[in-house]
Each structure stands twice: as C-alpha cells, then as structure tokens.
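First up is the structure itself, then whatever we jot down about it.
The analysis underlying the following values was restricted to heavy atoms, covering all of them including side chains, and did not include hydrogens, waters or symmetry mates.
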Amino acid sequence: MTKIQMATPLVEMDGDEMTRILWQLIKDELLIPYIDLKTEYYDLGLAYRNETDDQVTVDSAEATKKYGVAVKCATITPNAARMTEYNLKEMWKSPNGTIRAALDGTVFRTPIQVKGIEPCVKNWKAPITLARHAYGDVYKNTEIKVPGKGKAELVFTAEDGTEIRETIHEFDGPGILQGIHNTDQSISSFARACFNYALDRKQDLWFATKDTISKKYDHNFKDIFQDIYDAEYKEKFEAAGIEYFYTLIDDAVARVMKAEGGFIWACKNYDGDVMSDMVSSACGSLAMMTSVLVSPSGVYEYEAAHGTVQRHYYKHLKGEETSTNSVATIFAWTGALRKRGELDDNKELQQFAEKLERATLKTIEDGKMTKDLALITSLDKVTVLNSQDFIRAVRDTLESL
Ligand code: NAP
Ligand code: MG
C-alpha cells in the first residue's frame, strides 16, 4: 500500500505522562502505517523543557508561525511538587500560556459528540463550540484589600501627563478593590479569530457581554465586534448563509440551554473559563473535547482539552493496566492533518483525517470504549478496553471502512 504523502510538515509538540504514551501509540498504530508523516518535532516534555531552559517551547511556537499548523500533546504546568519530581531549575511557565502569547490566539473548544454518549441537555443535537478570549480582564488584575475609611479613584495618566480621574468609591470602612483592563488590539484579534472560525466552520457566531451594566468596558467589546463585522465580515457571512448575533450574557445562557447547538459561542475571558466547563461536563467528559488555538494571522494549534492524566500514568509506571481515553488526542491529530491538507490542497490527507475520525467514533458506537465512557454510556453491550487495545480497536475499524 502506498502511503499518503505530505508537502509541508506539521509542527509536532510532544508532551508528558500518560498523554505522551498515547501520543506514541497513536502515531505507531493510526498514522505512520498510512501516512508518510512529515513533522518538525519539538519535545515539550518537562525534562527537555528544563534542559533547554524552556527555549524548546519558544522555538515550537516560532515554528508554528512558520508552518501554520501544529499539533500538541498535553504538558505538565510545573508547580511546587513538580519542581522536586523533575528536579527543575525553575518553575517554568505553562507551555500553553507561552504559545498563546506568541500566537495571540483565541481558544476554540468543541465537544466530540458520539451516539451512546448523550449530552445531559437533551435538546443539544450538535456540538456547541466555545471561543474564549484568552487575554486580560480578571486574569490580569490588580487588587487591593482596602484597610479602612478612604477614597478609591481610577486614574489614567497619558504620555503627555494629562489625567483622567474617576471616583470608584468613598469607603466608610474596610473593603476590596480590583483594577482590570483589556486592549482594543487584543479584543480586535479575538473578534477576527471568531469571525474567521465561524466562516471556516460555516456556523453562526454568538457573542455576549454585560454591556447594559458595564457601559464602557463591556460596551467596548460589543462595539469592536460590531465594527469589525460590518466592515470586514458582513458580506462574507451573508454569502456563507451564517449569522452574527449579539446578546446579553444572561440571555445567551438562557438561549444556549434551549438551543439545538451547532454554533460558536464567543465569550469574554472569565465567561469562557466558566462556560467551557459547563459545556464539556454537560457533554460527558473532558476526554471528549477538542481544543484549537487560532491566531488572527490564520495559524492553528490543535490539542486535547484535558491534561496529562497523571493518576493513570503513575498506575502505568507501576505496571498496572490503564484505560485512558485517547479520543481527544486522536482528534487533535486529525484536526491538524485536515487543516494541513486544506492549506496544501491535499485531498487524500483531508479524507484520511475524516476517515480516522469516523473510525474512532464507530469504534465507540460499536460498544468498544475506555472506562470513562463505559461509565456514562447509554449503550447496553459494552466492552471496556485498556489504553492500548482501544487504539488497536480503532485501527481495526479503520481497516474495515
Ligand atoms: P487531567 O490530566 O485532565 O486529569 C484529571 C482527571 O480527569 C484524570 O485523573 C481522569 O480522572 C480524568 N481524565 C482526564 N483526561 C482523561 C482521559 N483522556 N481519559 C480518561 N480520564 C481522563 O488533569 P490534572 O490531573 O489536573 O492535571 C495533570 C497534569 O496535566 C498537570 O500537570 C497539569 O498541569 C496538566 N494539564 C495540562 C493541560 C494541557 O497541556 N493542555 C491542561 C490541563 C492540565 P480519573 O483519575 O478519575 O480516571
Ligand atoms: Mg477553568
């Protein structure tokens, strides 16, 4: 059998723990036998990040800008315990944070829906994609614990020294204060990433803030989205037969619960943090959620939404059997391969990505799945497979399609 050829390499970012084990299995069983896999490999495993003073993460982000498409394995974000475990020189930053900052991207997360794993919101027929603004607001805040009586002011000093000054509150006693910000540039990038993604997926785009209460801050988000939509996207949306729709965040939540799904829901940073956990848990499992970082310049980085599944890895190290779900990691690969295929006009590669996704879903629908899904499925006859055997079962299905 001749393997599918690739014109341009994918940027491959390897990772840590159980997902690193799955990564190799997926490549060996589901990709290399069928594709003449061209990747530029970066080892983002914590040991090598430490060895290179995290330069490897920066290099992988630069390579992603160069080639346009990356696929990333889950990685450890170091904390105190990891400092000792891996004997780290420094508490290196989250690789995802570094890559996100380099690509100035927006994160899109979509549940993988499959027969037998029904969302607990019964009317959700198609997946809802959450687009989260990944910069600013409460995530880059300045806080003060007010000790007692006094006046709090918001002051902006321009370069030429002129001031804008507003009273926040005259405190009679102790309290709390918080300063947050965002920039027009970041909001514009977020808006463009969302509009481009909606066009790419041919799905409606919803956006919501609390502009009735936050008349300047949230209103600025609404205005920037609307201005960019009118100037750059209105005609393209009409041609694609899709809609851009703005509403208040509480109204959006109410509508989402009654909707059929199949749209993109753009959220401010905090709303996106909270709502993506709601959408993913309503759809069954974090192991069934894909994630893609899209930069305003049209660069894509695909990954699974879950972490390195540390608990399973420790079992694996003790020689015990694991049943770790590889679906989101398989879909990170298919997402990246499909996008590479689109950019290179490589039909074979796109078709293979489709086929591998179908094979993965069919395997589950045929009742063969990992333990996490077996616990929540509505199917009767279920075979619980270990990590390796699930991937092998997907290969068998792939061969049969
Ligand atoms: P996690 O790896 O997502 O796992 C949390 C729990 O969720 C697991 O113990 C497991 O539950 C379940 N789970 C997650 N993915 C699963 C899968 N594919 N198959 C089956 N069960 C799955 O989160 P964590 O344990 O909090 O974090 C571990 C490491 O991952 C941390 O070092 C963190 O920094 C890193 N992390 C990385 C990323 C990323 O790279 N994008 C994201 C999040 C976390 P049971 O144990 O009950 O089976
Ligand atoms: Mg969160």
Side-chain angles (χ1 to χ4, degrees), residues 1-6 8-41 43 69-74 110 112-114 117 285 287-292 300-306 308-309 312 316 321-342 344 346-373 383-401:
M1 195 188 74
T2 52
K3 290 188 187 184
I4 299 166
Q5 295 299 310
M6 291 174 67
T8 321
L10 278 180
V11 176
E12 175 185 353
M13 303 169 175
D14 207 343
D16 288 298
E17 302 195 308
M18 201 58 212
T19 40
R20 189 179 178 100
I21 310 276
L22 299 178
W23 195 258
Q24 196 58 48
L25 280 168
I26 292 168
K27 283 174 66 180
D28 290 345
E29 294 285 337
L30 303 176
L31 303 175
I32 292 169
Y34 307 98
I35 306 170
D36 199 0
L37 195 64
K38 260 197 195 165
T39 72
E40 195 164 294
Y41 179 86
D43 183 0
V69 187
V71 56
K72 180 181 170 293
C73 180
T110 312
I112 301 161
Q113 251 163 264
V114 56
I117 315 289
S285 163
M288 295 294 281
M289 186 107 172
T290 62
S291 184
V292 56
Y300 295 76
E301 184 243 323
Y302 292 84
E303 61 172 342
H306 60 78
T308 60
V309 213
H312 296 208
H316 171 83
E321 188 169 78
T322 58
S323 181
T324 315
N325 188 333
S326 48
V327 173
T329 307
I330 295 173
F331 274 63
W333 275 100
T334 53
L337 290 168
R338 184 192 293 107
K339 181 54 74 181
R340 190 69 272 163
E342 279 169 29
D344 294 352
N346 183 341
K347 288 273 167 342
E348 262 194 310
L349 198 57
Q350 294 175 55
Q351 281 159 4
F352 177 78
E354 291 301 331
K355 196 172 159 188
L356 179 50
E357 288 183 358
R358 259 190 292 131
T360 307
L361 299 181
K362 187 171 185 304
T363 306
I364 298 170
E365 285 165 3
D366 289 348
K368 285 171 256 172
M369 59 190 79
T370 45
K371 196 174 155 194
D372 56 316
L373 296 184
T383 313
V384 181
L385 298 177
N386 66 33
S387 308
Q388 291 80 357
D389 287 348
F390 176 73
I391 291 171
R392 288 188 194 118
V394 172
R395 180 162 180 184
D396 289 343
T397 316
L398 185 65
E399 298 280 350
S400 75
L401 288 180

Side-chain contact test, heavy atoms from C-beta onward, threshold under 4.5 Å: evaluate it for T334 versus K355 and give yes or no. no
Is there a side-chain contact between R340 and N346 in this structure, where contact means two heavy atoms from C-beta onward sitting under 4.5 Å apart? no
Between atom CD1 of I26 and atom CG of L31, what is the distance when rounded to the nearest 0.5 Å? 7.5 Å
Side chains of L361 and F331, heavy atoms from C-beta outward: is any pair under 4.5 Å? yes
Pair T363, D396 - check side-chain contact (heavy atoms from CB on, under 4.5 Å), show working. CA-CA 9 Å; T363 306; D396 289 343; over 6 Å; no
Any side-chain heavy-atom pair of R338 and E354 under 4.5 Å: yes
Would you mind checking if D366 and K362 are paired as a salt bridge, meaning a charged N to carboxylate O distance below 4.0 Å? yes
Between R395 (side chain only) and L30 (backbone N and O only), is there a donor and an acceptor less than 3.5 Å apart? no
Check whether any side-chain heavy atom of W333 lies under 4.5 Å from a side-chain heavy atom of W23, and answer yes or no. yes
Can a salt bridge be assigned to the pair E342 and K339 using a cut-off of 4.0 Å between side-chain N and carboxylate O? yes
Check: E348 side chain, I4 main-chain N or O, donor-acceptor pair, under 3.5 Å: no
Shortest non-hydrogen contact from D344 to T8? OD2-OG1, 2.8 Å
pair Y34-L398: side-chain heavy atoms closer than 4.5 Å: yes
Taking K38 for its side chain and M6 for its backbone only, find out whether a donor-acceptor pair lies under 3.5 Å. yes
Is the backbone N or O of I32 less than 3.5 Å from a side-chain atom of K27, with the two atoms forming a donor-acceptor pair by type? no
Verify side-chain contact (heavy atoms from CB on, under 4.5 Å) between I364 and M288, making sure each step is shown before the conclusion. CA-CA 12 Å; I364 298 170; M288 295 294 281; 4.2 Å; yes
State the OH-CG distance between Y41 and D14, to the nearest 0.5 angstrom. 3.5 Å
Going through the distances and angles, do S387 and H316 end up as a side-chain contact (heavy atoms from CB on, under 4.5 Å)? CA-CA 10 Å; S387 308; H316 171 83; over 6 Å; no
Are any of the side-chain heavy atoms of H306 and T329 separated by less than 4.5 Å? yes
For S323 and L385, indicate whether the former's side chain and the latter's backbone hold a donor-acceptor pair under 3.5 Å. yes
Criterion side chain to side chain contact (heavy atoms under 4.5 Å, CB included) against H312, the qualifying member of I21, L22, T322: T322
Between the main-chain N or O of D372 and the side-chain N or O of T370, is there a donor-acceptor pair closer than 3.5 Å? no
Over all atoms of both residues, closest heavy-atom pair of E40 and P9: N-CB, 4.0 Å
Determine whether E17 and T324 make a side-chain contact, defined as any pair of heavy atoms from C-beta on separated by less than 4.5 Å. no
State, to 0.1 Å, how close A70 and A336 come at their nearest heavy-atom pair, and which atoms those are. O-CB, 4.0 Å
Locate the shortest heavy-atom distance separating A304 from A328; write the atom from each residue and the value. CB-CB, 3.5 Å
Locate the shortest heavy-atom distance separating F390 from S326; write the atom from each residue and the value. CD2-OG, 3.5 Å
